[in-house]
Amino acid sequence: MDDDPTMVFDPGHLRLGGALRAAGVEPRADPSLVRVRHGVWMDRAIWDGLTPGARHAALVLSTATQCPTAGDMVFSHAAAAALWGMPRIEDWPVTIDVLVPDVRIRSSKLVRKHVGPPPTTCDRDGLTVTSAARTVVDVARTSSLATGLAAADFALRARLCTPRELASEADALVVGSPGARKARTVVGLADPRSMSAGESLSRAQMFRLGLPKPELQVPYSDADGLIGVVDFDWTGLVGEFDGKVKYHVTERVDLIEAQRVLWQEKQREDRLRRRARGVVRWDWATAINDGRLLRRLSEHGLRPQRGGSVSWFEDRLQAS
């Protein structure tokens, strides 16, 4: 899973085994190096600091350096998502996704080939990839609802594409094709106000459970000024997804700084509780488990409603 800000991979970190050996370095015997794939290495210290998404981007780029036909490939699905910097909820695949025009072209041990309509393409790090909007729709079709929504929210938030471009790609899908309905659901739910993969995951679970639709990024103030902007709001009931990003706490932060950050958050929550009718918080372990999330929200009066999922699209239906 990718909850922290996605670290876009710098291809300059890749080091070819042949070049290392020419410089007198045997990579297999050097503990400071890690093998990304056959023939391509990287400094271990850099690898250890990469997000899972950035590691998959490294695998894509290193595979391209070793493939003589990479210039003719269109990287798609999870491969394109990694190169765009999109987050993912489930594990990243161990294969590289590419789009091909002919069903007779077969996949290999490392490359997974998909057949699809001609895509709009872009250049990312010298590779041809599907456009951000097409990438979101392909990911939504072939991954979980949560991963599709995390990719869509990120793409809109980072202005990689527009809602209209997402809708156009979804509308281009053949009715009844695998994953088409899920892709259209993702496009309908996508919202640039969702600020992290954890928030996107939470919304996907709420939607699946038929819970009331929350408002996103709602500001709360008191006599002393702005308290903060909350992640979710149900008419005065505040929901907060707790991730490391919210607290600005990383492994490099010392104990004193971590205590200061947590004290500031406690003061913020005390002020918030005086203004809201309730505050409910949850972390990744709760969000990923729909049963846990349902129990947590039910404790604060949020329960599944008949037609609850349909109600999430009411404002869009009225606008159309």
Side-chain angles (χ1 to χ4, degrees), residues 1-100 105-114 121-130 132 135 138-139 142-144 147 150-151 154 158 197 244-245 250-252 284 288:
M1 59 86 175
D2 289 336
D3 181 39
D4 294 332
T6 305
M7 184 188 300
V8 177
F9 180 71
D10 179 358
H13 293 313
L14 297 176
R15 306 173 70 182
L16 298 181
L20 288 168
R21 293 185 180 92
V25 177
E26 174 47 60
R28 290 175 296 185
D30 190 335
S32 70
L33 297 172
V34 61
R35 195 182 82 158
V36 181
R37 59 147 290 158
H38 179 72
V40 185
W41 302 76
M42 185 189 304
D43 288 343
R44 185 175 297 278
I46 295 174
W47 176 263
D48 289 345
L50 296 179
T51 65
R55 289 184 178 185
H56 191 69
L59 178 62
V60 174
L61 287 157
S62 62
T63 299
T65 67
Q66 302 296 94
C67 182
T69 60
D72 299 325
M73 291 182 176
V74 176
F75 293 88
S76 64
H77 298 71
L83 294 174
W84 280 111
M86 296 174 186
R88 185 176 178 87
I89 304 301
E90 56 258 43
D91 291 340
W92 289 86
V94 295
T95 53
I96 307 303
D97 294 306
V98 298
L99 198 63
V100 297
I105 300 177
R106 296 182 178 180
S107 298
S108 65
K109 184 177 180 181
L110 187 59
V111 176
R112 183 185 182 192
K113 298 176 181 179
H114 304 262
T121 61
C122 301
D123 180 275
R124 299 288 291 180
D125 295 318
L127 302 183
T128 302
V129 304
T130 50
T135 300
D138 283 341
V139 167
T142 56
S143 304
S144 68
T147 282
F154 175 87
K244 290 182 179 180
V245 177
T250 69
E251 288 76 5
R252 294 183 292 275
W284 189 278
I288 199 70

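All residue numbers in this chain count up from 1 along the given sequence.
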Legend entry - Donor-acceptor contact below 3.5 Å, side chain Asp43 vs main chain Ile46: no

Inset, instruction - Kindly indicate whether the side chain of Leu33, heavy atoms from C-beta on, has any atom under 4.5 Å from the side chain of Arg15. - result: yes

Inset, instruction - State, with a plain yes or no, whether a side-chain heavy atom of Arg35 is found less than 4.5 Å away from one of Pro27. - result: no

Legend entry - Approximate separation, where rounding is to 0.5 Å, of Leu127 CG and Thr121 OG1: 12.0 Å

Inset, instruction - Using the side-chain contact (heavy atoms from CB on, under 4.5 Å) rule, take Val36 and Leu14 through it: C-alpha gap first, then chi angles, then the decisive distance, then the call. - result: CA-CA 8 Å; Val36 181; Leu14 297 176; 4.2 Å; yes

Inset, instruction - Would you confirm whether Glu90, through its side chain, and Ser144, through its main-chain N or O, come within 3.5 Å as a donor-acceptor pair? - result: yes

Inset, instruction - Output the distance between atom CG (Leu83) and atom CG (Leu61), rounded to the nearest 0.5 Å. - result: 5.5 Å

Legend entry - Trp92 six-ring centre to Arg88 NZ/CZ under 6.0 Å and within 45° of normal: yes

Inset, instruction - Determine whether Leu20 and Trp41 make a side-chain contact, defined as any pair of heavy atoms from C-beta on separated by less than 4.5 Å. - result: yes

Inset, instruction - Measure the CG-NE2 distance between Leu99 and His114 for me, rounded to the nearest 0.5 Å. - result: 8.0 Å

Legend entry - Short side-chain to backbone donor-acceptor contact, Thr147 and Ser143, under 3.5 Å: no

Legend entry - Contact summary for Ala132 and Met86, nearest pair of heavy atoms: O-CE, 3.7 Å

Legend entry - Nearest atoms (heavy-atom pairs only) where His38 meets Gln66: O-NE2, 3.6 Å

Inset, instruction - Test side-chain contact (heavy atoms from CB on, under 4.5 Å) on Thr135 and His77 and set out the steps. - result: CA-CA 6 Å; Thr135 300; His77 298 71; over 6 Å; no

Legend entry - Val98 versus Ser76, closest heavy-atom pair with distance: C-OG, 3.5 Å

Legend entry - Test item: Asp125 and Phe9 side chains (from C-beta on) under 4.5 Å apart, heavy atoms: no

Inset, instruction - First locate atom CG of Leu110, then atom OG1 of Thr63, and finally report the distance between them rounded to the nearest 0.5 Å. - result: 4.5 Å

Inset, instruction - Compare all side-chain heavy atoms of Pro93 with those of His56 and state whether any distance is below 4.5 angstrom. - result: yes

Inset, instruction - Starting at CZ of Arg124, measure out to CH2 of Trp84 and round the result to the nearest 0.5 Å. - result: 5.0 Å

Inset, instruction - Taking the side chain as every heavy atom from C-beta outward, state whether Thr128 and Asp123 have any pair of such atoms under 4.5 Å apart. - result: no

Legend entry - Shortest non-hydrogen contact between Ala197 and Pro87, atoms and distance: CB-CB, 4.0 Å

Legend entry - Heavy-atom side-chain contact between Leu16 and Thr65 under 4.5 Å: yes

Inset, instruction - Identify whether the distance between the nearest side-chain nitrogen and carboxylate oxygen of Lys113 and Asp97 falls below 4.0 Å. - result: no

Inset, instruction - Answer whether the closest heavy-atom distance between the side chains of Ile96 and Phe75 falls below 4.5 Å. - result: yes

Legend entry - Atom pair CZ/CE of Arg44 and Met42 - distance to nearest 0.5 Å: 11.0 Å

